[in-house]
Amino acid sequence: MSGFSTDETMTIAASRELAGARSCFVGIGLPSIAANLARALHAPGLVLVYESGTVGAKPTRLPLSIGDGELATTADFVISVPEIFNYWLQPGRIDVGMLGAAQIDRFANLNTTVIGSYERPSVRLPGAGGAPEIATACPRAIIVMRQSKRTFVDKLDFLTTIGFGDGNGARSRLGMPGFGPRVLISDLGIFRPDPETFEMTLTSLHSGATVADVRDATGWDLAVSKDLVETPEPTEEELLLLRRLHAASNTNAVN
Amino acid sequence: MSGFSTDETMTIAASRELAGARSCFVGIGLPSIAANLARALHAPGLVLVYESGTVGAKPTRLPLSIGDGELATTADFVISVPEIFNYWLQPGRIDVGMLGAAQIDRFANLNTTVIGSYERPSVRLPGAGGAPEIATACPRAIIVMRQSKRTFVDKLDFLTTIGFGDGNGARSRLGMPGFGPRVLISDLGIFRPDPETFEMTLTSLHSGATVADVRDATGWDLAVSKDLVETPEPTEEELLLLRRLHAASNTNAVN
Amino acid sequence: MAEFLSLKSAVETHVHDGDVVALEGFTHLIPFAAGHEIIRQRRRNLTLVRLTPDLICDQLIGAGCATKMIFSWGGNPGVGSLHRFRDAVEHGWPHALELDEHTHAGLTNRFVAAASGLPFAVLRAYAGTDTSQHSSTVARVTCPFTGEDLAAVAALRPDVTIIHAQQADRAGNVRLWGITGVQKESVLAASRSIVTVEEIVDGFDDDRNAMILPSWVVSAIAHVPGGCHPSYAAGYSDRDNDYYEAWDDLSRERDVFEDWLEHHVYENGSVR
Amino acid sequence: MAEFLSLKSAVETHVHDGDVVALEGFTHLIPFAAGHEIIRQRRRNLTLVRLTPDLICDQLIGAGCATKMIFSWGGNPGVGSLHRFRDAVEHGWPHALELDEHTHAGLTNRFVAAASGLPFAVLRAYAGTDTSQHSSTVARVTCPFTGEDLAAVAALRPDVTIIHAQQADRAGNVRLWGITGVQKESVLAASRSIVTVEEIVDGFDDDRNAMILPSWVVSAIAHVPGGCHPSYAAGYSDRDNDYYEAWDDLSRERDVFEDWLEHHVYENGSVR
């Protein structure tokens, strides 16, 4: 199949990362699309958990919000918000957390709070939501976000969610049980933490992108894996199912 | 009506103390009988709360256990045990707690744990159950128990549940929000805390009992109110309804 | 015991200038009609409390009712920004908005602590983040058994909590189902509570595990069918996603918003 | 994912000598059949955990399976004493029983802490009582906001929790209703779990607020109709109050109890 967008490549790459996962804590937008695509493609038993308290949701169209009726009526069960955070997320019962952000740094720390100063922000973003605890508690986290020098920054304007803090050992010093972000997927490539430094390192290039493109869209001095590979192109089946998901939705809004 | 037992006088006196209460946290045995009698007599809207999580139970017969099916099927709602203790009892939402015990001291502290030493008890009793938190959290507590030198003791073998600790000010020093035991009802009389010392003081004698009888059945130097009155005798209606409750039960066991 | 009141009387009686007002409902059962009534009664200096401020807080902020907000995620779900919220924070319009912001788990546990009659709750959160630096209601505690360092959040006790539910019975008991969010905790945490309901019924279905709030923990009940629109009430209505998407344009410019406010809130006794 | 096993296999696989074994169910849904299977398999040195030990722990203690018990109220509800429990504590028969005893609220919150992945829980309890002097799992904490002194209880993580439920579906999800006690918390607190069920069904009724334990938090499911007798399963059976009253005599004397054990547990694959 010839034509596909960089967003499609990104979403499909994210859905592939869910292979083998039993359950996924899902935010709205790209994470929800990727998780639902994984269910359609290769993980039909993947348990989708939304922070509204719906566990095992099987939406037939992409929900606009994390509390859509569609999620509740297709769920295995629905529980209260205190229960979802205290009994299910916090103890690490949900394998994978899928996150996005407005800014990320080299250690996969995230900002979803403000651009500019906290007291007088140039852009007030939504804030923390469930992300900090998802990144704390899930045995692994997947981050999906479009890449540019404005989003991949040398220093976050605000540290909302810890990825690897200041690098190796930071998570255990902070008492965070899960491994942290195992993978960061952008519209240009795939990044994984260096096993020594825990800096997010380019390990795979999406088709059409070059290392120079990625460097140009990264606000820090980019580390590139010596085993850099090319991301397998989306297959026809992947594209077909992704587009079918979008078509079945009442919206294409992605935030 | 001529004949009635001291147990009947005690149970009926306890039920009268529930006048005006909105809700009552009920243990099995005498407290359950008194609370159900109050519902039948003068407090039809009294919300009975059992620690099994049944709120607003309206049993038609006396339950044998606090988790009888009768309690669940007649309840306004049924919640989990963590919720009953954390959301309903602890914040003081239940007006009155009804308690019994194996031993009580002059400050209405209770023992339901052991007779003898803790390590080598002569009688191992059931233990704390819900009593300590009922006595801590309920705005007022009512204690109902048969009286003798073995049960009304100078010194408890084990302090399971705090009434007034070592007297005036003890509850606030221990951070206990509710007032504590407003009344103690035995088969001989009624005792209320002295407003200064918080020692349980004989304020009412059941018919047929004398102050000497009460002294003989009390293990400490009994304080008697200068305004000592006689407990009104059970009315025909009270006796009738109490006996009807017992007859409707599949057991008369009282523990 | 809950009193049956008109929405107007319920807000007049229980929502005062300067109050801490929680409006809960997680996407589902958001008490929009009550929010609009607060706007119509021109309450001022409110501290709004909501995990997800959603359009309801955007409207209250834009109408000038609030000077502080306690929240954990302030966006238009699946659509984008809350423009009135952003305008208040970024430009102080109609006036400045003080923030006490948390994570979802943190704010949830602030309600849980208050509902439990405790001064604080413990959770694994906040360590190393800037969020904890900007809140006086986050601290650290040490486990007395393991020595572990954990987050503590202060109990949050609203003056009044407002929710929308599917049903009340004639005795004033409230029943809700589906996504129930932190409604129970936020009502039990508050000094007073108002519940708007879709329907008043003679008795509830025999579903003993549904969420019930008994009459004796509710201050006022108002019968307001559709009172959660554009949110939804499972069994009664669907979420009006178009409204959420249209809000992006209605709220972006101050004059368009003020026009909406005039025609859809002030001029109307009720808004659909 | 839950594995469907016979009760015998489930106990063989998941209950080992020396384990901390919680058997939950508050009056309702007590897993008696599983308790009897543990007796038949002659497990030893168990630490039993139950808010209300009830007859099931009395039987396990009398049969010599337990050397420790963590509990909060050990009586025969509405009847009197647990004689086998008392004989173990008072006379060390069949051997001594170490106790870690709590209040209901305290032990409940030990399960809640473990189910929440926290090392401890906070509550208003234990101050000034002798109970706290005899337990190493009770301590004090200070609120970092108000300075209040509160009780802390240590998280309790059983090696295995065993419960009885009304239904499992064929995918291994478990559904229970009525009085649900601390079953969810005790299962979520444990490393492993066994659920005996009244019935295996194709799918659950559409009651989204019922208590569900998904297959992926349950280790084994055994189909044991009546497996909670003489307790009861709402919708399936009534509590056998006569049995509870008869137990007073059956358990009072060692030889009568041993005779009961021989004829009603060891000789039978199942007990009714």
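Protein chains get the first letters and strands the later ones, always in sequence-line order, with residue 1 at the start of each.
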Chemist: Given side chains that start at C-beta, do those of C:Met211 and B:Phe77 come closer than 4.5 Å, heavy atoms only?
Modeler: no
Chemist: For residues 113-120 of chain C, which side-chain donor-acceptor pairs fall under 3.5 Å, sequence neighbours excluded?
Modeler:
from     : atom 1 : to       : atom 2 : distance (Å)
C:Ser116 : OG     : C:Val112 : O      : 2.8

Chemist: Within residues 168-182 of chain B, which positions have a heavy-atom distance to chain C below 4.5 Å?
Modeler: none
Chemist: If we ignore hydrogens and angles and just use 3.5 Å, is the side chain of B:Arg93 paired with the main-chain N or O of C:Leu188 as donor and acceptor?
Modeler: yes
Chemist: Within residues 34-60 of chain B, which residues come under 4.5 Å of chain C, heavy atom to heavy atom?
Modeler: B:Val47, B:Val55
Chemist: Decide yes or no for B:Trp88 and C:Val217: does some side-chain heavy atom of the first lie under 4.5 Å from some side-chain heavy atom of the second?
Modeler: yes
Chemist: Once rounded to the nearest 0.5 Å, what's the spacing between atom CZ of B:Arg22 and atom CE of C:Met1?
Modeler: 8.0 Å
Chemist: How long is the gap from CG on B:Asp76 to CZ on C:Arg175, to the nearest 0.5 Å?
Modeler: 13.0 Å
Chemist: Who passes side-chain hydrogen bond (donor to acceptor under 3.5 Å, both in side chains) against C:Ser191, sequence neighbours left out?
Modeler: none
Chemist: Are there over 12 heavy-atom neighbours, none belonging to C:Asp238, within less than 6.0 Å of that residue's CG?
Modeler: no
